[in-house]
Structures are given as structure tokens and as C-alpha cells.
Visitor: 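This is the structure, below, for whatever I ask next.
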Amino acid sequence: MLPLAPDLAAAVERTENDPRDSVRAPREYEVVDRRTVIVACLAAVIGVAGGLVAQALVALISFATNISFYGRISTAFVSPAASHRGPLALLIIPVIGALIVGLMARFGSSSIRGHGIPEVMERVLRGESRIPARVMFLKPVSAAIAIGTGGPFGAEGPIIATGGALGSLVGQLLHVTADERKILLASGAAAGMAATFGSPVSAVLLSVELLLFEYRPRSIIPVALAASVAAAVRVIFNGTAPVFPIKNLTQPSPSALVFYAALGAICGLIAVGITSFTYGVEDTFERLGERFHIHWMWWPAFGALVVGLAGILEPRTLGIGYENISGLLSGTIVGRALLILVVLKFLSWAIYLGSGTSGGTMAPLFTIGGGIGAGIGWLAVSAAPFLGVDAGVSGLVGMAALFAGASHALLASIVLAFEVTRQPVGLLPLLLGCSAAYLVSLLFSRYSIMTEKLARRDAGVRTEYSVDHLAHVLVRDAASRDVVSLSSKQSVGEVRKWLSEGVGHSRGPATHQGFPVLDAAGLLVGVVTRRDLVDSSRSAEELLGDVVTRQPAVVFEDNTLRDAADHMVLEGVGRLPVVSREHPRSVVGIISRSDLLSAHARGWRK
């Protein structure tokens, strides 16, 4: 077990000049510290493991694909479309895979159902970033079976979920805090994505936008290290070539930029429809399962029938289909073939995913979005050549914009599209198109395809970040200087009488729930609450100095209200005496929860 101290928010400092001056005050905030270094080192190790896990999962998918469609034992990456299997085989193979995944979910862990990222988000929000160890093994195996038997999914969702489970498991074994465990979980998830696409920067951004729910150096640094190391591991196995190599793109003209922005808006609207349709399919399976008393374990088999039928009509819809994305972007898939591929890929993916199997969303959304963008781009090139539209850029914008609209991960979508193609010409069109998609998607739907499931489970999340008003207000500016204090020499009975009379102070003791206790020199001894004073087990003759049993929890004048709020939570109190750093037992004010709320309310006033 590593000698990690409690979380930063839970740490306190004590003045050591004189034992009598010992108080419990908020620890000085440090942007990074020794613990950040330790967590970063752990994250780097997780990055190596995440990169290897990603390679293992891709090999496992390839293994399942070769057995299912080629009848051979091999880990060579192949597409089911090239197997030239007969219609009956294309129909049966996905169903067999779905039955196996259903059994694994029923008797292994139901957490393997779905596309991975929402489940990881839920563990971050509700489960203190604890993911059961069995998920780390069952999720990749189930995904490999589902995809290897023709499931139209991407490997990135399961890899992200598996990497997150790996980071969470490390955090659980080392007994780190929930905050640090979240960082390790995000590090594992980022490592999985970076190792899949060779995209460390977008992996970090995706972690910020969907998993960390914060932007702090102590979080970003470990995640960035993990993603970088995982990307380096990928280079060892796959080289440095981009995942989706495409021809050199045309520099966009002003009119073309307007077109790309409009395309992004269209993709944002389509993304809303895709999210609604996918969860509508899920609801339909729920209703039919209840009506006909069919256990959810069998639902994926029905979804797999659609996968098989789509595969019979267009074999390229089967499997991950990275080669389809490259074909859409490079212009080798056009016209009727493009339309059929996009429609059937969408239907088979949405229905199979909605049935509750295991698989990712990123690659299917890239295929659908890339097809939409490329199709509209080719129409623009043919009908309005004066716009200067490049069909390749249009496909790239459509690919990223659809994912941005569906996931609400704007920055990750833009950078990911650049990292997988290495085409800097596309950056400005991507920025315009993805921003337009993000705007339109938010206007029509509050939740994304990632957060809709959380909202349905009453765990809705706001993936937006703003400045904490309390962190910019000092205690001295919000504390009350009119302090009602008691003497350590007063008896409990005397104070009880004083409380019952409600006199003796300009504000009246009835409005207070806690009182600083001072010694004969006017220095702070501790704090007593109204509950302490009315406790019937206490003798009326007992002195207040004897009632105080622990060192006083205080806050300094130059601390922020955020420091004060966190310290109240740590100490389990509703008020803190305010003291100066030079004299940590000289009370100069008091601050309560109501003072914090009042200060927070001022931050909302116009």
C-alpha cells in the first residue's frame, strides 16, 4: 500500500509554535504536490497497461472475427465483409455471438451491457469511481465476441471502459481517495482511447469533457501522461501512420467555410435524432420484454437478427468498419453504395445497441457522419462548384460534427478528427462544423447519447464548467465581526439561563447555534453548540472549558469561502471562528453556512 495521505480537501494544518495555539485550519492550497507526482507515476504505469490492453482487445476481436467468418485461428485484423459467407451464415453468426454476450451479462455482470462510456460516467458520479474487477475482464471479452461475430460497433468504447476499470482497480487496491481514484480511472480510459486511435490529445480532452468533470492540473497531468504513454505503446505495435489516411485536402474558401458550418448544423440535428432513436429502441425492447416476459438476456439475439439482415444486404456494415471510414473520406465509396452503407450501418448499430449488447459508438458515428458529410459534399461539388467545397473535408466535418452533436464533447471531437487524419487543413472547417453541431444539438436536446442513460437513472450531469464564486471571495469579506462568545469559566447552568432569557447581546443568543469559548486571556479554547449546552446528561455545574473536548476548527481571514466550506464539511460543523495567521487563537469574527449562502447569492445578482 502506498503511503498516500488523505485528500487535499480533507487535510488540515496546525500551528506548532505553541501547543496551546494548536488549531485545525484549512490546509494551504497547492496546485500540485508530492501526491500529484505519485498519482502521475501510477497513471504512467496504467498508460502502459492500457496500451497493452488495447492491443490485446483488438487482437481478441480479430481472433473472434477469424474464427466466426473465416474458420481459422488467427489474430490478423480482417473485415467480416471480405469473408464472402453465405446469407444463412451471415444471419446466424451474429445471433450466436449475441446469445453468448447475453449469457455473460446475465451470469457475469450486467455492467458489460451498453457502449461503455455512460457506465463509466455513472461509476464516477455515483460509485466513487469504483468499478468491479470482473468488468475489466468481462467487458473486453464480451465486446470482442459481439464485434467479432459481426456487431457493427467500434472497439474504442469497450477499450475506454476496460482502461477505466483498470485504473479504478489500481485505485481500489492502493486505497487512494475517491478523487484520486477518479483520476486513475480517467487515466485508464484516456490510455485506452489513445492506444486505439493514436490520439493522446483528444483522449485527454474526452476525459475532461466526459469523465473528470473538472479541469485541474492535479487531474490533467496524470491523464495526459497516461494518454501519451499509451500512444507511445501503440507506435511500437502499429507505427506512426494516421488511422484514417486521406489525400491532401483543399484549402477552404470563405464560401466553403459557410457550407461546412451549415453541414455541422445539419449533423447536430441528425445527432439528436440518432440519440432519440437509439434510446427509443431500448425502450421498445423494455416494453416488449415486459409484455412477452422475455428476459433481457435474450434481447441481443433479436437485435443481432437485424445485424445479420443488414450484413446480407451490405456486408460492409458488419464489424468495426474502419476501412469504410477511410473509403468515405478518400472518396472510394460514393453514390448509391454510400447511401446504403450509411442507412444500414445506422439501423443495425442502433437496434443492436438498443437491445443491450456490448459495443462502442464512436466508430459507427464516424461512419454515419462521414457518409452524411461526404454525400452532401459530393452533391455540393456537382451542383455548386463555385462554393469551392472539398468532399473529403466535408466527410471529415460530417464525421466529427455528428460525434460532437451526439456526445457533446466538442473539443475532443475536433482534435480527434485531426489526430486520426493528420490534416491541418481541416482544423478551421472542423471548428466551425463541430461548433454548429454542438449548438444545434444543445438547443434541441439537453442530454447527449452519453448522458441520456444517466438522466434516465436520475443521475443527470451538467458537463459545463464555470468559475467558483466562493473561491474568489475572502473570509474577511463575508464573516460576521459581531461575535457572541462565552467564557471557559462559565458554567453550563449559567449559560442555559442566559439562552432561555435571550438577552445579553445586540443580536440575541437565540439566533446562534454555536459559540466560541474563550479563556481568561481572551484566546480561543473551542466551540460549543446549543446541542452541547442543552444536553441533559451534562451537569449544570460543569464549566464550559470542560465541555470543549477537541482542538477548535478555525479558518483564517485570508482563506477563501471555498476553503471555509470544504473545512466545514471536513469537520462536520456549521460555523467556524475566524482568526488571524499571526494569532491563530485570537477570534476576529465568525462565519457560518448562512454566510456562505449569502455570499454565493451575491454572485448571481446582476
Side-chain angles (χ1 to χ4, degrees), residues 60-71 78-110 112-116 138-155 157-158 274 277-289 292 294-321 324 340-341 343-361 363-365 367-368:
L60 196 58
I61 292 172
S62 301
F63 179 79
T65 303
N66 277 283
I67 287 182
S68 301
F69 289 94
Y70 295 88
V78 291
S79 169
S83 66
H84 305 295
R85 285 293 194 116
L88 184 60
L90 293 180
L91 189 65
I92 292 177
I93 291 174
V95 174
I96 293 175
L99 290 173
I100 296 173
V101 172
L103 289 169
M104 292 178 65
R106 171 70 188 278
F107 299 105
S109 173
S110 61
I112 66 174
R113 303 174 71 207
H115 50 96
L138 293 177
K139 184 65 178 180
V141 173
S142 64
I145 293 173
I147 299 172
T149 54
F153 304 118
I274 286 176
F277 182 84
T278 303
Y279 282 99
V281 170
E282 188 174 302
D283 293 338
T284 300
F285 274 101
E286 292 277 356
R287 289 194 297 268
L288 293 177
F292 296 103
I294 302 175
H295 194 277
W296 55 258
M297 174 180 66
W298 307 109
W299 298 353
F302 295 100
L305 288 173
V306 178
V307 173
L309 291 172
I312 293 172
L313 297 174
E314 174 52 271
R316 285 181 293 189
T317 61
L318 298 172
I320 297 175
N324 296 331
I340 292 174
L341 173 62
V343 172
L344 293 181
K345 183 77 172 184
F346 164 64
L347 290 175
S348 63
W349 163 72
I351 294 174
Y352 199 18
L353 183 66
S355 70
T357 192
S358 176
T361 62
L365 287 174
T367 302
I368 298 166

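What you see is a predicted model; the values in this text were computed from it and never measured.
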Visitor: Flag the pair I340 / L313 as yes when at least one side-chain heavy-atom distance between them is below 4.5 Å, and no otherwise.
Guide: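 No, too far: nothing below the 4.5 Å cut-off.
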Visitor: Distance from Y279 atom OH to L353 atom CG, nearest 0.5 Å?
Guide: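 Reported value, rounded in 0.5 Å steps: 7.5 Å.
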Visitor: Side chains of L90 and F69: closer than 4.5 Å at any heavy-atom pair?
Guide: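 Answer yes - side chains close enough.
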Visitor: Using modelled atom types only, decide if a donor and an acceptor are shared between the side chain of R85 and the backbone of P80 within a distance under 3.5 Å.
Guide: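 No, the answer is negative, given that no donor and acceptor are paired below the 3.5 Å cut-off.
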Visitor: Hey, are the side chains of P152 and Y352 touching, using non-hydrogen atoms and a 4.5 Å cut-off?
Guide: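 Yes; the side chains approach each other to less than 4.5 Å.
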Visitor: Identify the heavy atoms of V101 and S142 that sit nearest to each other, and give their distance.
Guide: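 The answer is CG2-O, 3.5 Å.
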Visitor: Would you give the length of the straight line joining atom OG1 of T65 to atom CD1 of I93, rounded to the nearest 0.5 angstrom?
Guide: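 It comes to 10.0 Å.
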Visitor: Just wondering, do T149 and I100 contact through their side chains at under 4.5 Å, heavy atoms?
Guide: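 No, too far: nothing below the 4.5 Å cut-off.
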Visitor: CG/N324 to CD/E314 distance, rounded to the nearest 0.5 angstrom?
Guide: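 Separation between the atoms: 7.5 Å.
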Visitor: Could you check if a side-chain atom of P158 sits within less than 4.5 angstrom of a side-chain atom of P140, using non-hydrogen atoms only?
Guide: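 SC-SC contact between P158 and P140 ruled out.
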Visitor: In terms of heavy-atom contacts, does CZ of F302 have more than 12 from other residues, nucleotides or ligands at under 6.0 Å?
Guide: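 Not more than 12 within 6.0 Å, no.
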Visitor: Heavy atoms only: give me the nearest I351-G303 pair and the separation to one decimal.
Guide: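 Scanning both residues completely, I find the closest heavy atoms to be CG2-CA, 4.2 Å.
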Visitor: Which pair of heavy atoms, one from G154 and one from P364, lies closest together, and at what distance?
Guide: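 Minimum heavy-atom contact is N-CD, 3.6 Å.
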Visitor: Could you report the tightest heavy-atom contact between A146 and S358, atom names first, then the distance?
Guide: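 Result for this residue pair: CB-O, 3.3 Å.
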Visitor: Are I147 and I320 packed together at the side-chain level, in the sense that at least one heavy-atom pair is separated by less than 4.5 angstrom?
Guide: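 In contact.
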Visitor: If you round to the nearest 0.5 Å, how far is CG of L99 from CD1 of I92?
Guide: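 Between atom CD1 of I92 and atom CG of L99 there are 11.0 Å.
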Visitor: Please tell me if the side chains of I294 and F285 come closer than 4.5 Å, counting only heavy atoms from C-beta onward.
Guide: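 SC-SC contact between I294 and F285 ruled out.
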Visitor: How long is the gap from CZ on F153 to CG on L318, to the nearest 0.5 Å?
Guide: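 Between F153 CZ and L318 CG, I get 11.5 Å after rounding to 0.5 Å.
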Visitor: Nearest 0.5 Å please: distance from the CZ atom of R113 over to the NZ atom of K139.
Guide: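 So the gap between those two atoms works out to 10.5 Å.
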Visitor: Answer yes or no: are there more than 12 heavy-atom neighbours, outside W296 itself, under 6.0 Å from its atom CH2?
Guide: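 Enclosed: over 12 neighbouring heavy atoms sit under 6.0 Å from CH2 of W296.
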Visitor: Can you name the nearest heavy-atom pair linking G97 to I145, along with the distance?
Guide: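 The answer is O-CG2, 3.7 Å.
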Visitor: Compare every heavy atom of V141 with every heavy atom of L60, then report the nearest pair and how far apart it is.
Guide: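 Closest approach of L60 to V141, heavy atoms only: CD2-CA, 4.0 Å.
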Visitor: Can you check whether I368 reaches W349 side chain to side chain, under 4.5 Å on heavy atoms?
Guide: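 With C-beta onward as the side chain, the pair touches.
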